[in-house]
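For reference, the structure is listed below as structure tokens.
Only a predicted model underlies this, so the values are computations on that prediction, with no experimental measurement involved.
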Amino acid sequence: MRRLFVGLTAVSVLAAATACGSSDSGGPDDSGSSGGGTTTVKVGLIPIVDVAPLYLGQKKGFFEERGLKLEFSSAQGGAAIVPGVVSGQFQFGFSNMTSLMIARSNDVPVKAVANGIASTGVAGKDFEALTVKGDSPVKSPKELEGKKVAINTLKNINETAVRASVRKAGGDPDAVELVELAFDQMPAALDAGRVDAAMVVEPALATVKSQGGREIANPMIDIAPKLTVAMYFTSTRYAQENPETVKKFQEATVESLAYADAHPDEVREIVTTYTKIPADVLAKVTLPKWPAEPDRAGIEELAKLGREDGLFEKAPDLDELLP
């Protein structure tokens, strides 16, 4: 889970895309035929709970029914997936919305094609939370002024989220000291008092709670009630040259998202096949929502806050990015 929101700075996006080859390659030849009219497409994923619908969809035959076979490739995070898709190494990928917007604002040719994950919209019952130690005097994000708060990546979605919660509570987000720390290191750091608060996601959230930690906010919900946090995407060139394949991927993904949302037990079961998250931990994890359609209003608010926080040199064109 530590790589769920791995960020993309303008430099890393463009440099990595250049290192991978052309800034916009990946045409029809990138999809291989495996016989019988089946097209094999490579999908760059992070091995986390969020992408369970694609594994379920593959298992249930939703992609096969449409003539697609998915070949999953585990990547190091968004910094590898975005340039991998743009260069044609992958035909599709998974990334958080802020990373995609940063890429788009820097003219990296990516196009979202299907929804990924969303907040549950239920305070106290989301897959993410701003947490403090059980005996901490901090009761509100406003009280984090002058305090040290751990986030996994500076200048990305979690920074925007924490700042949104502090601002909503009447505090000054510029007065909060944000420090980078991997998600899986946050529970121990919080428990030891090395940080005053931590913005965690599952399964680290379950670990914090097991240590007696408590939630003081759900920052994603503070941005928008049912915020679209991540989406599946492709390169603009691949979308233009392979519209039928993209359409089939979209349709199968929508079916997979609906199935995952309706079958949480099967989600938890299949996650054990591609991650090392123990089953007993998974049983306590709060799953995200997998709606069929992205929350455009929430994404617009995320973009607005990102501009205020200085994440974009220019505003991303959401009409160009979103399906």
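- The side-chain heavy atoms of Leu70 and Phe92, taken from C-beta on, include no pair separated by under 4.5 Å.
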> Checking side chain to side chain contact (heavy atoms under 4.5 Å, CB included) for the pair Met199/Glu128: CA distance, chi angles, key distance, verdict?
Replying inline: CA-CA 7 Å; Met199 172 63 187; Glu128 52 75 36; 3.3 Å; yes
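- Asp126 contributes atom CG, which lies 11.0 Å from atom CG of Leu287 (distance to the nearest 0.5 angstrom).
- Distance alone, capped at 3.5 Å, is enough to place a donor-acceptor pair between the Trp290 side chain and the Asp50 backbone.
- Among all heavy-atom pairs drawn from Val85 and Ser235, the shortest one is CG1-N, 3.4 Å.
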> Yes or no on side chain to side chain contact (heavy atoms under 4.5 Å, CB included) for Asp222 and Arg167, after CA distance, side-chain angles and deciding distance?
Replying inline: CA-CA 10 Å; Asp222 285 341; Arg167 193 181 291 114; over 6 Å; no
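- Checked by atom type and distance alone, the side chain of Glu159 never pairs as donor or acceptor with a backbone atom of Arg163 at under 3.5 Å.
- With hydrogens and angles ignored, the 3.5 Å screen pairs no side-chain donor or acceptor of Glu301 with any backbone N or O of Ile223.
- Of all heavy-atom pairs between Ala189 and Leu181, the closest is CB-CD2, 3.6 Å.
- Hydrophobic clustering (ILVMFWY, side-chain heavy atoms < 4.5 Å, transitive): Val195 and Leu154 are in one cluster.
- Arg268 places a side-chain N or O within 3.5 Å of a backbone atom of Val285 that can act as its donor or acceptor partner.
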> What's the verdict on side chain to side chain contact (heavy atoms under 4.5 Å, CB included) for Phe94 and Ile48, showing C-alpha distance, side-chain angles and the deciding distance?
Replying inline: CA-CA 11 Å; Phe94 177 85; Ile48 51 177; 4.3 Å; yes
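- Inter-residue side-chain proximity for Leu257 and Pro53 is flagged as met; some heavy-atom pair is nearer than 4.5 Å.
- Remark: Lys133 NZ to Leu190 CG distance equals 8.0 Å, nearest 0.5 Å.
- Contact of the Tyr274 side chain with the Ser74 side chain is not registered, since no non-hydrogen atoms from C-beta on lie closer than 4.5 Å.
- Using modelled atom types, one side-chain atom of Lys111 and one backbone atom of Glu320 make a donor-acceptor pair closer than 3.5 Å.
- Considering all non-hydrogen atoms of both residues, Ala303 and Leu318 come closest at CB-CD1, 4.5 Å.
- Listed for the Asn96 side chain is no donor-acceptor partner under 3.5 Å among the backbone atoms of Val229.
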> Given the rule in the salt bridge (Lys or Arg N to Asp or Glu O under 4.0 Å) test, do Glu300 and Arg296 qualify, once you have shown the distances and angles that lead to the verdict?
Replying inline: CA-CA 6 Å; Glu300 289 175 350; Arg296 173 72 184 237; 2.9 Å; yes
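- Atoms NZ and CG, on Lys142 and Asp172 in that order, are 9.5 Å from each other to the nearest 0.5 Å.
- Classified by interplanar angle (parallel below 30°, tilted 30° to 60°, perpendicular above 60°), the ring pair Tyr259/Phe62 is perpendicular.
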> Are Phe63 and Val43 close enough, and set up right, to give a side chain to side chain contact (heavy atoms under 4.5 Å, CB included), and what steps lead you there?
Replying inline: CA-CA 13 Å; Phe63 291 89; Val43 187; over 6 Å; no
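- Linking ILVMFWY side-chain heavy atoms closer than 4.5 Å, directly or via other members, places Tyr232 and Phe127 in a single hydrophobic cluster.
- Expressed to the nearest 0.5 Å, how far CG of Leu45 lies from OG of Ser73 amounts to 8.0 Å.
- Side-chain atoms of Ser99 and Asn156, non-hydrogen and from C-beta on, do get closer than 4.5 Å to each other.
- Remark: side-chain polar atoms of Ser87 are paired, donor with acceptor, to backbone N or O of Gly84 under 3.5 angstrom.
- The shortest non-hydrogen separation linking Thr236 to Arg104 is CG2-NH1, 3.4 Å.
- There is a path of hydrophobic side-chain contacts, each under 4.5 Å, that joins Val208 to Val179.
- For the pair Val41 and Tyr238, the minimum side-chain heavy-atom distance is below 4.5 Å.
- The neighbour count for Glu269 CD, taken as heavy atoms of other residues, nucleotides or ligands under 6.0 Å away, does not exceed 12.
- Not a single donor-acceptor pair under 3.5 Å links the side chain of Arg307 to the backbone N or O of Ala315.
- Counting non-hydrogen atoms of other residues, nucleotides and ligands closer than 6.0 Å to CD of Glu180 gives a total above 12.
- Checked by atom type and distance alone, the side chain of Ser119 never pairs as donor or acceptor with a backbone atom of Leu227 at under 3.5 Å.
- Under the salt bridge (Lys or Arg N to Asp or Glu O under 4.0 Å) criterion, Glu145 pairs with no residue at all, not counting sequence neighbours.
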>> Let's go through Asp309 and Lys155 carefully: what are the C-alpha distance in whole Å and the side-chain angles of both, what is the deciding distance for salt bridge (Lys or Arg N to Asp or Glu O under 4.0 Å) to 0.1 Å, and is it a yes or a no?
In response: CA-CA 8 Å; Asp309 294 338; Lys155 299 300 178 184; over 6 Å; no
>> Could you go through Asn158 and Thr153, starting from their C-alpha distance and side-chain angles, then the distance that decides it, and tell me whether this counts as side-chain hydrogen bond (donor to acceptor under 3.5 Å, both in side chains)?
In response: CA-CA 7 Å; Asn158 277 333; Thr153 307; over 6 Å; no
>> I'd like to know whether Lys248 forms a salt bridge (Lys or Arg N to Asp or Glu O under 4.0 Å) with Glu244, so could you lay out the CA-CA distance, the side-chain angles of the two residues, the decisive distance to 0.1 Å, and finally the verdict.
In response: CA-CA 6 Å; Lys248 291 174 182 177; Glu244 286 303 312; 5.7 Å; no
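- Under a hydrophobic-cluster definition in which Ile, Leu, Val, Met, Phe, Trp and Tyr are linked whenever side-chain heavy atoms come within less than 4.5 Å, directly or via other members, Met231 and Val254 are assigned to different clusters.
- To the nearest 0.5 Å, atom CD1 of residue Ile102 and atom CG of residue Leu311 are 4.5 Å apart.
- When the side chains of ILVMFWY residues are joined at heavy-atom separations under 4.5 Å, either directly or via intervening members, Ile221 and Leu305 end up in two distinct hydrophobic clusters.
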> Which is it for Asp261 and Lys289 under the salt bridge (Lys or Arg N to Asp or Glu O under 4.0 Å) test, yes or no, and what are the steps along the way?
Replying inline: CA-CA 6 Å; Asp261 229 22; Lys289 298 298 290 182; 3.6 Å; yes
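- A salt bridge links Glu241 with Arg237: the closest approach of a Lys/Arg side-chain nitrogen to an acidic carboxylate oxygen falls below 4.0 angstrom.
- Remark: Glu215 CD is packed, more than 12 non-hydrogen atoms of other residues, nucleotides or ligands lying under 6.0 Å away.
- Heavy-atom minimum distance, Asn115 versus Ala292: CB-O, 3.6 Å.
- Considering NZ of Lys209 and NZ of Lys284, their distance stands at 11.5 Å, rounded to 0.5 Å.
- Proximity of a side-chain donor or acceptor of Thr234 to a complementary backbone N or O of Ala239 within less than 3.5 Å is not detected.
- When all heavy atoms of Leu54 and Phe249 are compared, the pair lying nearest together is CD2-CZ, 4.2 Å.
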